[in-house]
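Note sheet for the following structure.
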Amino acid sequence: MRKSSKLRNLISAILLLVAVSLSAQQAKYIFYFIGDGMSPGQVMMADTYKRKALGDSVPLTMMLLPVHSLQTTYSASSPVTDSAAAGTALATGVKTKNSMLGMNADSIAVNSIARYLHDNGYGVALMTNSAADDATPGAFYAHVTNRGQHYEIGRQAAESGFELITGAALRGLEKDGRVTDLADYIASQGVELLTDPEAVAASDSRRIILTPKSSLWNWDMGYYVDSNEGQMTVEEMTVTAIRHLSRHTPDSFFMMVECGSIDHASHANDGGAVVKEVLAFDKAIETALDFYRSHPDETLIVITADHETGGMTVGNNHTGYSARPEYLMPQKISKEIFSQYCDDLMNADKKPDWTEMKEYLSENLGLFSVIPISERRENRLKDVFNATFVDGQARRQETLYSNFNQFAVEVFEMLNEKAGIGWTSLAHTGNFVPLFAIGAGAELFTGLNDNTDVPMKILKAAGVQPQ
Ligand SMILES: [Zn+2]
């Protein structure tokens, strides 16, 4: 047996022993991690990158937790759920139709476990690197027929009474370019609206909505691969929530931490960005595990996803029985940022030159420098380059969050081909998602879970009855 697998087995055995021996305890501190769009393909590609590219043979922290199971994600209206119906199922235990939030399929409002736990004295934090009014956090506090009702969702965030809600933005603060009264309404509800993560610890307010000003877009704080300076990480979100809740509700708390950018990068079929988002999410999980080690008999950590996005696989038709995750290492920019760069070039006075573009691709994505590109592949890239920049053909690729320049689409397709990443969709899929757990009540999650089972089991672990 290799040294690394011995170590892995030992860690798993110790964690399982601890989990089983303490399983009778009640969960007073609950961490609910939701990797949006994070399925076996996303997890395994990140783990393969860690092992093969970074030379680190210890698997992802989430993979080392003692309880592993599967979760089904279909909604009341489709085998392929959207984040609103999936978020509602994971928050309330009720299936609903795609686009609906915090309501059952008959449009009747249903309570989330965050509400039940809050009513039982638990502090609540809802943290995401997507927008604070996006589907996943919204499912825990809002009740609307459509996830796009951002102004209404923002008001309901203020009314929730929850201790901390964090995300890239509150999109209801503006409508049609005009400022709404949402900020005033939030203040009238006794909630402080902050834009500096450091200010949370300095504030005396118990109820805070944080939308970090460093966020790159209003739908996402930004990708790690873009090294956006000052960007709040999911790990920092977890630390901030632990500190805030430990201060205001030290006896019991519940936090939901979502990594929405795994989904966004998967919609874009940007494999390198996905891998780095999953690794960052795993660091946040490590932070929760540190907390668990100090409170092992009272802490429950559950990690799952709301659905799969993109149909991502380790391996594709170009690489066959192989994959080259090390080709993702030189990537310094996301597909969004590269597409923006291409759009700026199209609007510039000077036509771009292929030699300069090759240098840019080599510098920022490793193509031609680290990743060998055959003449046939270079000609393919050049054809799209000429069609886009010389002939000015403006074909676009539209996804839920972005609208990509065709040359950026071609370049990222080639990156995926070379790295051995397969994609089948620009949308979600109905595949299984994984569930990992440790701590008080973790054994409840063994066996197959439907998404509606997960929140009910969390309540059971906490000894709280839904009213
Ligand atoms: Zn999505």
Side-chain angles (χ1 to χ4, degrees), residues 32 34-37 71 73-78 80-118 124-162 164-173 175 180 182 185-186 189 191 209 211 218-220 254-260 263-264 267 304-307 309 400-401 427-428 433 450-452 454-456 458 466:
Y32 196 4
I34 300 177
D36 197 318
Q71 190 221 117
T73 67
Y74 57 89
S75 75
S77 61
S78 174
V80 181
T81 188
D82 78 333
S83 283
T88 301
L90 290 176
T92 70
V94 172
K95 281 206 194 281
T96 194
K97 295 177 193 162
N98 286 7
S99 296
M100 290 174 69
L101 210 48
M103 288 184 161
N104 68 16
D106 298 322
S107 306
I108 295 165
V110 279
N111 276 335
S112 78
I113 55 165
R115 169 65 47 221
Y116 294 129
L117 291 165
H118 201 250
V124 170
L126 305 170
M127 317 294 283
T128 181
N129 57 3
S130 294
D133 51 19
D134 205 7
T136 308
F140 287 84
Y141 64 77
H143 310 281
V144 289
T145 49
N146 191 292
R147 60 183 284 184
Q149 294 168 255
H150 297 138
Y151 174 77
E152 265 313 308
I153 297 171
R155 283 176 74 96
Q156 293 177 24
E159 292 159 2
S160 70
F162 296 157
L164 182 59
I165 297 175
T166 296
L170 271 179
R171 291 164 291 185
L173 289 168
K175 196 171 185 197
T180 66
L182 183 57
Y185 184 75
I186 290 170
Q189 296 298 304
V191 180
I209 295 178
T211 55
N218 67 3
W219 48 274
D220 193 299
F254 166 84
M255 73 172 74
M256 188 285 295
V257 182
E258 186 207 17
C259 189
D263 173 68
H264 299 155
H267 275 286
T304 192
D306 51 354
H307 52 74
T309 306
L400 185 61
Y401 296 94
H428 301 170
V433 295
D450 182 55
N451 53 9
T452 53
V454 182
M456 296 302 113
I458 290 175

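The line from OH of Y185 to CD of E159 is 3.5 Å long, rounded to the nearest 0.5 Å.
Taking the salt bridge (Lys or Arg N to Asp or Glu O under 4.0 Å) definition, one finds that D134 meets it with R147, R171, sequence neighbours left out.
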I'd like to know whether D306 forms a side-chain contact (heavy atoms from CB on, under 4.5 Å) with T81, so could you lay out the CA-CA distance, the side-chain angles of the two residues, the decisive distance to 0.1 Å, and finally the verdict. CA-CA 9 Å; D306 51 354; T81 188; over 6 Å; no
If you apply the rule side-chain contact (heavy atoms from CB on, under 4.5 Å), what do you find for R155 with L182, and how did you get there? CA-CA 7 Å; R155 283 176 74 96; L182 183 57; 3.8 Å; yes
The test is side-chain contact (heavy atoms from CB on, under 4.5 Å); show your working for D82 and S75 and say whether it passes. CA-CA 8 Å; D82 78 333; S75 75; 5.8 Å; no
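Here the closest heavy-atom approach between residue A89 and residue P455 is recorded as O-CG, 3.3 Å. Between S78 and N98, the shortest heavy-atom contact is CB-ND2, 3.9 Å. Here the closest heavy-atom approach between residue A139 and residue A91 is recorded as O-CB, 3.4 Å.
Taking the side chain as every heavy atom from C-beta outward, I34 and M256 approach each other to under 4.5 Å. The side-chain heavy atoms of I165 and S160, taken from C-beta on, include a pair separated by under 4.5 Å. The shortest side-chain heavy-atom distance between T452 and V94 does not fall under the 4.5 Å cut-off. Side-chain contact between T128 and T166 is absent, with no heavy-atom pair separated by less than 4.5 Å. Proximity of V454 to Q71: side-chain heavy atoms (C-beta onward) are separated by under 4.5 Å at one or more points. For the pair Y141 and I153, the minimum side-chain heavy-atom distance is below 4.5 Å. Put simply, the side chain of T145 reaches to within 4.5 Å of the side chain of M103, judged on heavy atoms. Looking at heavy atoms from C-beta onward, D36 lies in side-chain contact with T136 at the 4.5 angstrom threshold.
S130 and D220 form no side-chain donor-acceptor contact under 3.5 Å, judged by distance and modelled atom types alone. Under the 3.5 Å distance criterion, with hydrogens and angles disregarded, no donor-acceptor pair is assigned to the side chains of Y32 and E258. Looking only at atom types and distance, the side chain of D133 has no donor-acceptor partner in the side chain of H150 under 3.5 Å away. No hydrogens or angles considered: nothing links the side chains of T73 and N451 as a donor-acceptor pair under 3.5 Å.
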Kindly list each side-chain donor-acceptor pair under 3.5 angstrom involving residues 104-113, sequence neighbours excluded, with atom names and distances?
unit_1 : atom_1 : unit_2 : atom_2 : d
N104   : OD1    : D106   : N      : 2.9
N104   : OD1    : S107   : N      : 3.3
N104   : OD1    : I108   : N      : 3.0
S112   : OG     : A114   : N      : 3.2
S112   : OG     : R115   : N      : 3.3
S112   : OG     : F140   : O      : 2.8

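Using a distance-only test at 3.5 Å, with no hydrogens or angles considered, no donor-acceptor pair links the side chain of S83 to the main chain of A135. A donor-acceptor contact shorter than 3.5 Å links the side chain of T180 to the backbone of G172. Although no hydrogens or angles enter the test, the distance criterion places no donor-acceptor pair under 3.5 Å between the side chain of H428 and the main chain of H307. Using modelled atom types, no side-chain atom of D263 and backbone atom of T309 make a donor-acceptor pair closer than 3.5 Å. Not one N or O on the side chain of T211 forms a donor-acceptor pair closer than 3.5 Å with the backbone of L170. The backbone N or O of V144 lies less than 3.5 Å from no partner atom in the side chain of E152, so there is not a single donor-acceptor pair. Under a 3.5 Å cut-off, the side chain of N218 and the backbone N or O of A169 do not form any donor-acceptor pair.
Because its NZ or CZ atom is both nearer than 6.0 Å to the ring centre of Y74 and within 45° of the ring axis, K95 counts as a cation-pi partner of that residue.
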